[in-house]
Amino acid sequence: MKKTILLVDDEAHILELLKYTMENEGFSTLQAETGEQALKLLGRERVDAVILDLMLPGIDGLEVLKNIRVTPGTKNLPVLMLTAKSEEFDRVIGLELGADDYLCKPFFVRELVARVKAVLRRAEAPGEPGAKKDNRFLKIGPIEIDEIKRTVKRRGELLELTLKEFDLLRLFAQNPGKVITRDEILTKIWGYDYTGETRTVDVHIRQLRKKIEEDDSNPQYILTVRGVGYKLREDAAG
């Protein structure tokens, strides 16, 4: 079955370009020119991913994203944001709200396709292929990661993590004590070379720390290795 991509942009020529590009890659598409239209389509149609413009008339892209993330039927839906280069602040907010990726306008269509396919691949991987039931759990202090169900609990309480946050946490849990560079994280979690766009890693790490650390301003589990990347404190893994 073809996967369906919801395209949301108020510029007709960009919407047409997105439609042509995605359908040429074998996807089905739905189009919306406003945030209101997008939310209505999400409420009644099956959608596999969303390409979402930040600046929309009426309900803007951030509000659409926020609605997606708090709605049970769409909270794990992959979302790629389109932003202008001048919208750095709003782009960071979008990542903090749970956008899986972003792309600045103007963009290259090949890069757009690569990023869409990458977020879809991550969403389609509920667990590691061939994972044994006995080895399905990873532990970080009081945090338990279920690789098959893709759930995370801290002292028995379920934590609400985005797809990327879960993948990040699992990556660190699988590599205790190992320093992982930002470029390595981008390759492993996002699925391709981001050519230096490492800011998104820092944003996602910051959000993950808020959810798993007792005090995210003084992290005890995921530590910063200045100028290089991050590592899980070696004695934190169980």
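Transitive grouping of hydrophobic side chains (ILVMFWY, heavy atoms separated by less than 4.5 Å) keeps V79 and V70 in distinct clusters. Both M81 and V47 are assigned to one and the same hydrophobic cluster, defined by single-linkage of ILVMFWY side chains at heavy-atom distances under 4.5 Å. At a threshold of 4.5 Å between side-chain heavy atoms, the hydrophobic network of Ile, Leu, Val, Met, Phe, Trp and Tyr places V152 and I222 in one connected group. By the criterion of side-chain heavy atoms lying less than 4.5 angstrom apart, applied directly or through intervening Ile, Leu, Val, Met, Phe, Trp or Tyr residues, I205 is grouped together with I189 in one hydrophobic cluster. Note on V116 and L163: separate hydrophobic clusters, where clusters join Ile, Leu, Val, Met, Phe, Trp and Tyr whose side-chain heavy atoms are under 4.5 Å apart, directly or indirectly.
With salt bridges taken as basic N to acidic carboxylate O contacts below 4.0 Å, one links R170 and D167. Between R209 and E165 there is no salt bridge, since no side-chain nitrogen of the basic residue lies less than 4.0 Å from a carboxylate oxygen of the acidic one. Salt bridge K210/D216: absent, no basic N to carboxylate O contact under 4.0 Å. Taking the charged nitrogens against the carboxylate oxygens, D100 and R115 have no contact shorter than 4.0 Å, which rules out a salt bridge. For the pair E160 and R150, the salt-bridge criterion is not met [side-chain N within less than 4.0 Å of a carboxylate O]. Contact check on K66 versus E63 returns a salt bridge, with a Lys/Arg side-chain nitrogen under 4.0 Å from an Asp/Glu carboxylate oxygen. A salt bridge links K117 to E25: at least one charged side-chain nitrogen sits closer than 4.0 Å to a carboxylate oxygen.
Taking all atoms of both residues into account, the shortest heavy-atom contact from K231 to V179 is CB-CA, 3.9 Å. The shortest non-hydrogen separation linking Y221 to A236 is CD2-CB, 3.9 Å. Contact between L56 and I59 at its shortest, heavy atoms only, is CB-O, 3.6 Å.
Counting heavy atoms from C-beta on, the side chains of F107 and L18 come closer than 4.5 Å. Taking the side chain as every heavy atom from C-beta outward, I51 and L112 approach each other to under 4.5 Å. Within the 4.5 Å cutoff, the side chain of I185 has heavy atoms near those of the Y230 side chain. Within the 4.5 Å cutoff, the side chain of F166 has heavy atoms near those of the I145 side chain. Looking at I140 and L232, their side chains come closer than 4.5 Å, going by heavy atoms from C-beta outward. In this structure the side chain of K105 reaches within 4.5 angstrom of the side chain of E11, judged on heavy atoms.
Looking at T34, its side chain does come within 3.5 Å of a backbone N or O of Q37 through a donor-acceptor pair. In this structure a side-chain-to-backbone donor-acceptor pair under 3.5 Å is missing from R155 to P142. Side-chain N or O atoms of N175 include one that pairs as donor or acceptor with a backbone N or O of L171 at under 3.5 Å. A donor-acceptor pair under 3.5 Å is formed between the side chain of Q220 and the backbone N or O of N218. A donor-acceptor pair under 3.5 Å is absent between the side-chain atoms of S28 and the main chain of T4, judged by distance alone.
Screening K2, E23, K3 against T29 for a side chain to side chain donor-acceptor pair (under 3.5 Å) leaves a single residue, E23.
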Check step by step if side chain to side chain contact (heavy atoms under 4.5 Å, CB included) holds for D101 and T200.
-> CA-CA 8 Å; D101 201 351; T200 189; 5.7 Å; no

Could you give me the CA-CA distance, side-chain angles and deciding distance for R154 and E213, then say whether salt bridge (Lys or Arg N to Asp or Glu O under 4.0 Å) is met?
-> CA-CA 10 Å; R154 184 176 61 194; E213 300 278 359; over 6 Å; no

For side chain to side chain contact (heavy atoms under 4.5 Å, CB included), just list the numbers for L168 and H204, CA-CA rounded to whole Å, side-chain angles, deciding distance to a tenth of an Å, and then say yes or no.
-> CA-CA 8 Å; L168 276 171; H204 279 82; 3.6 Å; yes

Would you check, one step at a time, whether the test side chain to side chain contact (heavy atoms under 4.5 Å, CB included) holds for R46 with M1?
-> CA-CA 12 Å; R46 184 191 64 82; M1 181 184 295; 3.5 Å; yes

What do the steps show when you test F27 against L120 for side chain to side chain contact (heavy atoms under 4.5 Å, CB included), and what is the final call?
-> CA-CA 12 Å; F27 296 105; L120 283 169; 3.6 Å; yes

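Neither side chain, D183 nor T181, offers a donor N or O lying under 3.5 Å from an acceptor on the other.
Shown here is E157, whose CD atom has no more than 12 heavy atoms of other residues, nucleotides or ligands within 6.0 Å.
To the nearest 0.5 Å, the span separating CG on N67 from CG on L97 amounts to 11.5 Å.
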